Protein chains: 2
Amino acid sequence: MGRAATDVTSDPELACPVAPVVDIVFSRWTTPILWSLQMFGRHRFVELERRITGITPKVLTQRLRQLERDGLIVRTYHPEVPPRVEYEISDLGRSLGPLFAHLSEWAGVNLEQVEQARRRYDESGAPRG
Amino acid sequence: MGRAATDVTSDPELACPVAPVVDIVFSRWTTPILWSLQMFGRHRFVELERRITGITPKVLTQRLRQLERDGLIVRTYHPEVPPRVEYEISDLGRSLGPLFAHLSEWAGVNLEQVEQARRRYDESGAPRG
DNA sequence: CAGCATCCTTGGGGATACTG
DNA sequence: CAGTATCCCCAAGGATGCTG
């Protein structure tokens with residue numbers, strides 16, 4: 001799915017062991033989706049659509065399918081009128097929790113440094129050479 | 001840089017605290033680059049180009065600039081003939097180490113489950129509804 | 001409601017060629 | 001060597017409209 005070119009895994013020695021995870025967990029929009037399901041529980045399609053600002057239904061569908069296929073979320077179809085579909089995080093998806101915590105902790109500690117570096121670079125740091 | 005649309009941070013309450021990190025750390029090709037510098041130390045441009053299979057010089061330059069701007073790597077220009085440029089990881093970049101370890105540990109434990117889920121989905125799991 | 005179909009746009013990357 | 005400069009392409013993503 002997606003970026004075949006990133007598949008550096010073909011060369012075992014030089015492979016970056018993080019690469020496979022990136023395609024699974026950090027595709028566009030996936031972290032807000034997983035985050036929403038993780039934090040606020042079960043969601044219907046529209047609820048996700050509303051919660052995640054800016055996403056279009058088409059793309060939301062695509063991402064949900066991908067996440068379902070990867071086993072990170074569970075989709076439940078209720079054959080009613082009007083139809084109702086619910087998405088919830090799976091155990092596998094929940095296992096990403098500590099990882100996300102780690103990530104947001106890193107952000108909390110270091111994001112300011114990154115922005116500082118950017119300011120410095122933009123003012124005077126243009127590459128000499 | 002890149003995906004402005006992902007900037008869900010505008011809405012504080014619903015914001016996914018992980019989102020900002022994603023743009024910084026998990027852009028395309030950044031993890032192999034950081035991984036190489038982290039694991040094998042200082043690199044010249046060609047060395048990186050050779051180590052990271054499939055990347056083009058143009059894109060490598062782009063990513064290196066981005067990482068330098070974000071303060072995750074340090075670029076050193078040696079005014080010699082022929083010119084020599086060296087890239088190394090910064091302290092800030094090195095602070096991602098535990099995170100990467102966490103990621104690759106998650107991969108080790110759960111990647112097989114993901115692939116299993118995919119196989120199951122592809123065989124019989126097409127969304128009913 | 002929860003989507004799928006269709007059309008269209010865009011810009012990230014790829015390929016190639018060229019300099020200081 | 002370490003990049004820039006161009007050109008080009010395609011697939012992710014947006015917009016819109018329609019169904020079970």
Side-chain angles (χ1 to χ4, degrees), chain A residues 1-8 19 22-24 26-33 36-37 42-69 73-88 126-129, chain B residues 1-8 22-24 26-33 36-37 42-69 73-88 125-129:
Chain A
M1 204 117 242
R3 46 172 84 159
T6 310
D7 186 19
V8 192
V22 174
D23 287 352
I24 296 170
F26 300 107
S27 308
R28 220 189 166 184
W29 296 112
T30 54
T31 62
I33 294 174
S36 296
L37 297 181
R42 197 180 299 170
H43 281 68
R44 304 182 61 166
F45 188 87
V46 234
E47 292 171 343
L48 278 173
E49 196 179 350
R50 278 197 275 265
R51 192 182 288 284
I52 300 172
T53 321
I55 197 168
T56 61
K58 177 190 159 188
V59 174
L60 178 56
T61 303
Q62 289 175 343
R63 288 289 90 92
L64 288 172
R65 286 290 180 280
Q66 176 188 335
L67 291 169
E68 186 195 3
R69 189 174 102 103
I73 67 175
V74 177
R75 176 181 184 270
T76 313
Y77 175 72
H78 303 269
E80 312 167 359
V81 264
R84 188 161 55 91
V85 173
E86 293 192 310
Y87 295 93
E88 53 189 326
R128 6 42 306 178
Chain B
M1 211 121 256
R3 47 173 82 160
T6 310
D7 186 20
V8 192
V22 175
D23 288 351
I24 295 170
F26 300 107
S27 309
R28 220 191 166 179
W29 297 112
T30 54
T31 62
I33 294 174
S36 296
L37 297 180
R42 197 180 300 172
H43 281 68
R44 303 183 61 167
F45 188 87
V46 234
E47 294 171 342
L48 278 172
E49 196 178 351
R50 277 197 276 263
R51 191 181 290 284
I52 300 171
T53 321
I55 197 169
T56 61
K58 176 191 158 187
V59 174
L60 178 56
T61 305
Q62 289 174 342
R63 289 288 89 95
L64 287 171
R65 287 289 183 280
Q66 176 188 335
L67 291 170
E68 187 196 2
R69 189 174 102 102
I73 67 175
V74 177
R75 177 182 183 269
T76 313
Y77 175 73
H78 303 269
E80 311 167 359
V81 263
R84 188 162 55 92
V85 174
E86 293 191 312
Y87 294 93
E88 53 189 327
R128 10 34 309 179

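A, B, ... follow the sequence lines: proteins, then strands. Residue 1 opens every chain. The analysis underlying the following values was restricted to heavy atoms, covering all of them including side chains, and did not include hydrogens, waters or symmetry mates. What you see is a predicted model, and the numbers here were worked out from it, not measured in a lab.
- The nearest whole Å value for the distance from the CD atom in Gln66(A) to the C1' atom in dA12(D) is 12 Å.
- Across all strands, Pro83(B) comes closer than 4.0 Å to base atoms (heavy-atom distances).
- Residue Glu49(A) comes nearest to Pro57(A) through the heavy atom pair OE2-CD, 3.7 Å, listed as atom of the first residue, atom of the second, then distance.
- Contact between the side-chain N/O atoms of Arg44(B) and the OP1/OP2 oxygens of dA2(D) is found at a separation under 4.0 Å.
- The separation between His78(B) atom NE2 and dC1(D) atom C1' is 13 Å, rounded to whole Å.
- Note: CD (Glu86(A)) to P (dA2(C)) measures 9 Å, nearest angstrom.
- Remark: Arg28(B) is not in phosphate contact with dG11(C), judged by side-chain N or O atoms under 4.0 Å from OP1 or OP2.
- At the phosphate of dC1(C), neither OP1 nor OP2 sits under 4.0 Å from any side-chain N or O atom of Tyr87(A).
- Expressed to the nearest 0.5 Å, how far CZ of Arg28(A) lies from CD1 of Ile55(A) amounts to 9.0 Å.
- Taking the six-membered ring where tryptophan is involved, the planes of Tyr87(A) and Phe45(A) are tilted, since the angle between them lies from 30° to 60°.
- Nucleotide dA12(D) holds its P atom 8 Å from the CD atom of Gln62(A), rounded to whole Å.
- A 4.5 Å side-chain heavy-atom check between Leu60(A) and Ile33(A) finds at least one atom pair inside the cut-off.
- If Val46(A) and Pro57(B) are placed on DNA chain C by their nearest nucleotide, the residue sitting closer to the 5' end is Val46(A).
- In this structure, Lys58(A) atom NZ and dG13(D) atom P are separated by 9 Å, rounded to whole Å.
- With rounding to whole Å, Arg63(B) atom CZ is found 17 Å from dT4(D) atom C1'.
- Listed nucleotides: dA15(D), dG13(C), dC1(C). Nearest to the side chain of Thr56(A): dA15(D).
- Picking from dG3(C), dG14(C), dG3(D) the nucleotide with the shortest atom distance to the side chain of Val85(A) gives dG3(C).
- Under 4.0 angstrom from either OP1 or OP2 of dG20(D) there lies no side-chain N or O belonging to Tyr77(A).
- The nucleotide whose nearest atom lies closest to any side-chain atom of Val59(B) is, among dG14(C), dG3(C), dT4(D), dG14(C).
- Looking at the side chain of Arg65(B), the nearest of the listed nucleotides dG13(C), dT4(D), dA15(D) is dT4(D).
- dT19(C) atom C1' lies 14 Å from atom CZ of Phe45(B), rounded to whole Å.
- At whole-Å resolution of the value, CD in Glu80(A) and P in dA2(C) are 10 Å apart.
- The one candidate from Glu86(A), Glu88(A), Arg51(A) that meets the side-chain hydrogen bond (donor to acceptor under 3.5 Å, both in side chains) condition with His43(A) is Arg51(A).
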